[in-house]
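Written out below as structure tokens is the structure these notes cover.
In what follows, residues are counted from 1 in the order of the sequence shown. Note that these values count all heavy atoms, side chains included, but never hydrogens, waters or copies made by symmetry. Just so you know, ligand 1 is whichever comes first in the structure, and atom 1 is the first atom listed for that ligand.
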Amino acid sequence: MARILVVEDESAIAELVAINLRHAGHDVTIAGDGEQAQRAIDAVLPDLVVLDWMLPGAGGPALLRQWRQAARTRSLPVIMLTARADETDKVAGLDAGADDYLAKPFSTNELMARIRALLRRRAPEALDAVVQVGELRLDPATHRVTRYADGVEQALRLGPTEFRLLHFLMTHPERVHSRSQLLDRVWGDHVFIEDRTVDVHVKRLRDALAPAGCAQLIETVRGVGYRMSARALTPSG
Ligand code: CA
């Protein structure tokens, strides 16, 4: 399940896109202009944005440029929609910082396929693919976490927040994530939840992984945040 923001003032198109995304299991918010879009992003950071080029007030490209300049939204995955299919617009859209570009009228199937592709590249924690780090395996579809070693499978019990946190860390291994980044990507909120909340859930996650000897997969990087690293495991596990 991905949090997707659709920024489009033509409500028929916005609704069509939203219905298809919801049908695919995603959580969709619609914004009719740049101001609404900014408010939505300030409240909850989406996993992906579908951004229309032509909007009332400042258009899509101006909005996108603004997002690319802010640290929090710099790497937000964005697909831009436009009524015009000519080459110069395509180049301008990509120049403004769009990850992908689709001209209207577009096929809904193609938009869905491109959204899936972009999520796979940039927000794999929003998809249902099984992930594995070391001997640890997480299946989002069945909500199961197991450790498989020496022919023995051991199931681990995790709370819902610990599960989401582990899923995010496993899909972005070896990178250090600050507490505010984790709040944005796992909780969807960086303002109304305290940084300390992250520490509490990391501790719970380590406690849940400890029976399988996997607690050390989650490293504390002092003064920065947390990292999941398979390298932290000793050869004996
Ligand atoms: Ca429009």
Side-chain angles (χ1 to χ4, degrees), residues 1-128 180-181 183-192:
M1 188 274 290
R3 290 181 296 258
I4 299 181
L5 174 65
V6 176
V7 190
E8 165 65 279
D9 57 314
E10 289 163 77
S11 57
I13 295 176
E15 281 302 331
L16 179 69
V17 172
I19 284 167
N20 279 278
L21 286 170
R22 287 185 184 124
H23 186 71
H26 300 302
D27 180 0
V28 185
T29 303
I30 296 174
D33 60 33
E35 237 174 81
Q36 280 179 27
Q38 191 60 53
R39 267 204 304 276
I41 283 181
D42 288 346
V44 175
L45 190 69
D47 296 306
L48 183 144
V49 180
V50 177
L51 176 63
D52 190 38
W53 180 289
M54 296 288 283
L55 292 168
L63 199 56
L64 182 52
R65 250 176 247 116
Q66 194 179 305
W67 292 341
R68 291 305 183 229
Q69 278 161 19
R72 185 163 170 257
T73 45
R74 187 163 294 145
S75 55
L76 187 61
V78 174
I79 294 181
M80 197 165 240
L81 301 177
T82 177
R84 299 168 296 188
D86 55 271
E87 179 82 358
T88 49
D89 276 11
K90 179 175 176 174
V91 171
L94 296 172
D95 273 352
D99 297 280
D100 201 356
Y101 178 97
L102 201 54
K104 290 179 187 171
F106 54 85
S107 107
T108 316
N109 284 341
E110 183 174 4
L111 178 61
M112 294 303 133
R114 285 176 185 236
I115 286 172
R116 274 197 305 277
L118 189 51
L119 286 173
R120 258 199 306 277
R121 290 207 307 275
R122 305 283 301 283
E125 77 280 6
L127 298 171
D128 270 355
S180 69
Q181 281 168 343
L183 285 175
D184 264 336
R185 301 296 298 275
V186 178
W187 279 260
D189 190 327
H190 73 133
V191 180
F192 301 107

inquiry  = Show every side chain to side chain donor-acceptor pair (under 3.5 Å) that has at least one partner inside residues 47-60, sequence neighbours left out.
reply    =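 Qualifying pairs, neighbours excluded: D52-K104.
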Any pair counted as side chain to side chain donor-acceptor pair (under 3.5 Å), so long as it reaches residues 17-33, sequence neighbours left out =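 Every candidate side chain to side chain donor-acceptor pair (under 3.5 Å) pair involving residues 17-33 fails, so no pair, neighbours aside, qualifies.
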task = Return yes if some donor-acceptor pair links the side-chain N/O of T73 with the main-chain N/O of L76 below 3.5 Å, else return no.
result = no
request  = State plainly whether the residues R68 and D99 are in salt-bridge range, i.e. N to O under 4.0 Å.
outcome  = yes
key: Partners meeting ring-ring contact (aromatic ring centres under 6.0 Å, His included) with W187 (sequence neighbours left out)   = H201
ask   = Using a distance threshold of 3.0 Å, what protein N/O/S atoms lie below it relative to the Ca ion (ligand 1)?
value = E8 OE1, D9 OD1, D52 OD2, M54 O
note = Paired with D100, the salt bridge (Lys or Arg N to Asp or Glu O under 4.0 Å) test is passed by just one of R114, R121, R116, R122, namely R114
